[in-house]
Student: 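The following block contains the structure, expressed as structure tokens.
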Number of protein chains: 2
Amino acid sequence: MDSTSTGTAPNASPPPGRRRGGAAGTKGVPRAEREEQILAAALEEFGRHGHASASMAAIAGRVGVTKPMLYAYFDSKDGLYLACLEHIATRVIAAIDEAMAGGPAAPAGEQLPHAVLTGLFTALEDRRHAWFVLYDRTLAPGSELRLAAQRHRGAIDGLAASGTAALLSGHGNEDPLDADALKHVWTGTVSSLMGWWIAHPELSTEDMSARCARLLTAIRTA
Amino acid sequence: MDSTSTGTAPNASPPPGRRRGGAAGTKGVPRAEREEQILAAALEEFGRHGHASASMAAIAGRVGVTKPMLYAYFDSKDGLYLACLEHIATRVIAAIDEAMAGGPAAPAGEQLPHAVLTGLFTALEDRRHAWFVLYDRTLAPGSELRLAAQRHRGAIDGLAASGTAALLSGHGNEDPLDADALKHVWTGTVSSLMGWWIAHPELSTEDMSARCARLLTAIRTA
DNA sequence: GCGATATAACCTTTCGGTAATTTACCGCTT
DNA sequence: AAGCGGTAAATTACCGAAAGGTTATATCGC
């Protein structure tokens, strides 16, 4: 056995039993299903270790498959990373959109941050590491990857822009750089909380939501 | 020429002129001076790209020497990284200590965060990337490096502990986990601001300090 | 010449990526 | 019902480049 191709499935489900709903002339796991599995494993590995430190063999091993499968479904390591970016960005933006539109009543300006946080915690509960795929500082400076990550972060920042600008202009501050910096601090705060949650896996989404409510009020009325 | 040993100095100072204050029987640059140069270059490279993506050859090339020099002064890549951790942690802790002890008058609780930020901006003005050596998320989970980084971050957190705990208990909140999370958010905020400053190299330390003052008041009286 | 500084050239491992081959399921024909 | 070929899914075994690390050698000031 090649040492770069990790051994038999440590994680895969179908060792003896066989398929149910595949297309004509097929064995193994159907394409769409495998694609999801690979994407989930890649999000975990890339989020945990960063692009450079994550290895294709490790991702394959997590799925219970060998490397060539990854290249059959996604063209390259960078291609897989791009797919991860798209996936997590879509998920994050959907969560924020939903939180801002607010189910029954749209949250007012003051409690909007808490609604967004709760939405993100809910959406990423089982994928906490994936958040950091968007915020990997180790991507090569000129690379397509970094540009793509920047683009997606920009889309997310756009949703935060109205909130931060409103907060500042409420204090007579119209400096666009101030608003930009505050956006950056806000997404950084989300990163901090996600990182802290990873270090405390036993805490539920509800616990995190309540905790953030306490922290936000404490900070605001300092 | 070996492609892994980068060519002649793209950055080093002494092409023609020779030394002045070296020890007995020496050519080139004296040991202590080279050590500083290497450390500075390593802080920059590690901070920019992370541990995994930074290469020893690139660090050597930045100094204007070849790889074996790095191994002569520091034993290994990890050894060099550990030295970087010590260096930047010492610098950061000194800056925070000084800001908290406050020159003429110790800053009150409310403006302490701003004093700390200003101290950090001043201390890291010419080494902005170095901050991220302490906060590299891509370090291997079980490694000595990650433990060392955690240890140093813990020392820094210790300085923030009194402030965050005081803020929360002022609101009747004595939950130790809340205090821990708030510490994490605080250091994350510093990271965010340092990252934003890197993206805006033209801004002075004073500008950043004033900007943060504005942001802090805006946040607090939301 | 002696010792400190420095380098060229090399070794080894890891990892992204690929070509050739195999396995197993399906439907169609006999 | 038995067999047969087609096709999707998957694996084994390999290549080449990049990077960490080492050895043996050269240079320069005292």
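Only heavy atoms go into these numbers, but all of them, side chains included; no hydrogens, no water, no symmetry mates. To find a chain, count down the sequence lines: A is the first, B the second, and so on, and within it residues start at 1.
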Student: Nearest whole Å is fine: how far is dA18(D) C1' from H49(B) NE2?
Tutor: 15 Å
Student: With sequence neighbours left out, what residues match A41(B) under side chain to side chain contact (heavy atoms under 4.5 Å, CB included)?
Tutor: I59(B), R62(B), V63(B)
Student: Measure NE2/H51(A) against P/dC15(C) and give the value in whole Å, please.
Tutor: 13 Å
Student: Once you round it to whole Å, what is the distance between C1' of dG20(D) and CZ of F74(B)?
Tutor: 17 Å
Student: NA contact type, M56(A), heavy-atom cut-off 4.0 Å: base, sugar-phosphate, or nothing?
Tutor: sugar-phosphate
Student: Taking CD from E33(A) and P from dA8(D), how many angstroms apart are they, rounded to a whole number?
Tutor: 18 Å
Student: Donor-acceptor pair under 3.5 Å: do we get one between K77(B)'s side chain and the base of dG21(D)?
Tutor: no
Student: side-chain hydrogen bond (donor to acceptor under 3.5 Å, both in side chains): which pairs involve residues 177-189 of chain A, sequence neighbours left out?
Tutor: N173(A)-D178(A), D178(A)-R211(B), D178(A)-R214(B), D180(A)-W196(B)
Student: With respect to the phosphate group of dA6(C), does any side-chain polar atom (N or O) of R34(B) fall under 4.0 Å of OP1 or OP2?
Tutor: yes
Student: Could you check how far OH of Y73(A) sits from C1' of dG17(C), rounded to whole Å?
Tutor: 18 Å
Student: Specify the separation, in whole Å, of atom NZ of K67(B) and atom P of dA9(C).
Tutor: 14 Å
Student: Give the nucleotide from the list dT22(D), dA10(D), dT12(D) with an atom nearest to the side chain of V29(A).
Tutor: dA10(D)
Student: Can you tell me how far C1' of dA9(D) sits from OH of Y71(A), to the nearest Å?
Tutor: 18 Å
Student: Where along residues 78-87 of chain A does a heavy atom come under 4.0 Å from DNA chain C, residue by residue in number order?
Tutor: none
Student: For residues 141-158 of chain A, pull every pair meeting side-chain hydrogen bond (donor to acceptor under 3.5 Å, both in side chains), keeping only residues two or more places apart or in separate chains.
Tutor: none
Student: Expressed in angstrom and rounded to an integer, what is the separation of L70(A) atom CG from dC15(C) atom P?
Tutor: 15 Å
Student: Could you tell me which residues satisfy side chain to side chain contact (heavy atoms under 4.5 Å, CB included) with A83(B), sequence neighbours excluded, listed by chain and number?
Tutor: L39(B), F74(B)
Student: Name the nucleic acid region contacted by A54(A), choosing base, sugar-phosphate or nothing; use a 4.0 angstrom heavy-atom cut-off, strictly under.
Tutor: sugar-phosphate
Student: Are R34(A) and Y73(A) in a cation-pi setup, meaning NZ or CZ lies under 6.0 angstrom from the ring centre and within 45 degrees of the ring axis?
Tutor: no
Student: Of all the nucleotides listed (dT7(C), dA9(D), dA19(C)), which has the minimum atom distance to the side chain of P68(A)?
Tutor: dA19(C)
Student: I'd like to know if the side chain of T122(B) reaches the main chain of T118(B), judged simply by a donor and an acceptor atom lying under 3.5 Å from each other, with no hydrogens or angles considered.
Tutor: yes
Student: Which residues satisfy the salt bridge (Lys or Arg N to Asp or Glu O under 4.0 Å) test with R48(A), sequence neighbours excluded?
Tutor: E44(A)
